[in-house]
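The residues of the chain are indexed from 1 along the displayed sequence. Computed from a prediction, not measured in an experiment: that's the story for all the values here. When reading the values below, keep in mind they use all heavy atoms of this one structure, side chains included, and skip hydrogens, waters and symmetry mates.
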Amino acid sequence: MKKIALILALVCAVSPAVGQIANEYPTTARAEFVFGCMGANGQTPEMLYKCSCSIDVIASIIPYDRYVQIETVMRMQQITGERTAAFRTTKWANAMVDEFKSAEAEATLECF
């Protein structure tokens, strides 16, 4: 009986941490993603649902701090010039983009 109570107490103690991990993305980051997604795919209620689902899946795969790093690299890749070449040509930068594309593909499969 005591073992069961201890197990339940441990599960309850861990559960909020799991919920926090899934919700660590700030609302503004989620909204920015959804607006961009809807801009690319259509401004419909169906796309609102699909794009919201998509960021939820991505958030479950990539921690927010890593997402910010990846987003920064992807933005820097769009800027032409010598100073931003490292963001377009290095293995670490391309690996970060590939990580995001993989999460995005999983989100597409699940949500679209």
Applying the 4.5 Å side-chain criterion to the ILVMFWY set and letting contacts propagate, would [X] and [Y] be lumped into a single cluster?
{"X": "F112", "Y": "I61", "result": "yes"}
{"X": "L48", "Y": "F35", "result": "no"}
{"X": "V57", "Y": "V68", "result": "yes"}
{"X": "M47", "Y": "L109", "result": "no"}

Worksheet item: What do the steps show when you test D56 against R30 for side-chain contact (heavy atoms from CB on, under 4.5 Å), and what is the final call?
Response: CA-CA 8 Å; D56 289 343; R30 289 176 182 269; 2.5 Å; yes
Worksheet item: Does some side-chain heavy atom of E71 sit less than 4.5 Å from a side-chain heavy atom of E32?
Response: yes
Worksheet item: Side-chain contact, heavy-atom cut-off 4.5 Å: Y67 with I55?
Response: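 Yes, side chains in contact.
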Discussion item. Tell me whether Q43 at atom CD has more than 12 heavy atoms from other residues, nucleotides or ligands lying less than 6.0 Å away.
Written reply: yes
Item to complete: Step through the shown structure and confirm whether more than 12 heavy atoms of other residues, nucleotides or ligands are within 6.0 Å of OH on Y64.
Response: yes
Worksheet item: How far apart are the C-alpha atoms of I62 and Y25, what are their side-chain angles, what is the distance that settles it, and do they pass the side-chain contact (heavy atoms from CB on, under 4.5 Å) test?
Response: CA-CA 10 Å; I62 301 173; Y25 280 47; 3.8 Å; yes
Which value, rounded to the nearest 0.5 Å, describes the distance between [X] atom [atom1] and [Y] atom [atom2]?
{"X": "M96", "Y": "M74", "atom1": "CE", "atom2": "CE", "answer": "10.5 Å"}
{"X": "T84", "Y": "R75", "atom1": "OG1", "atom2": "CZ", "answer": "14.5 Å"}
{"X": "F100", "Y": "I58", "atom1": "CZ", "atom2": "CD1", "answer": "4.0 Å"}
{"X": "I70", "Y": "D65", "atom1": "CD1", "atom2": "CG", "answer": "11.0 Å"}

Backbone N or O of [Y] within a donor-acceptor pair of the [X] side chain at under 3.5 Å?
{"X": "R88", "Y": "N94", "value": "no"}
{"X": "S54", "Y": "K50", "value": "no"}
{"X": "S102", "Y": "D98", "value": "no"}

Practice prompt. Could you tell me whether the SG atom of C51 lies less than 2.5 angstrom from the SG atom of C37?
Written response: yes
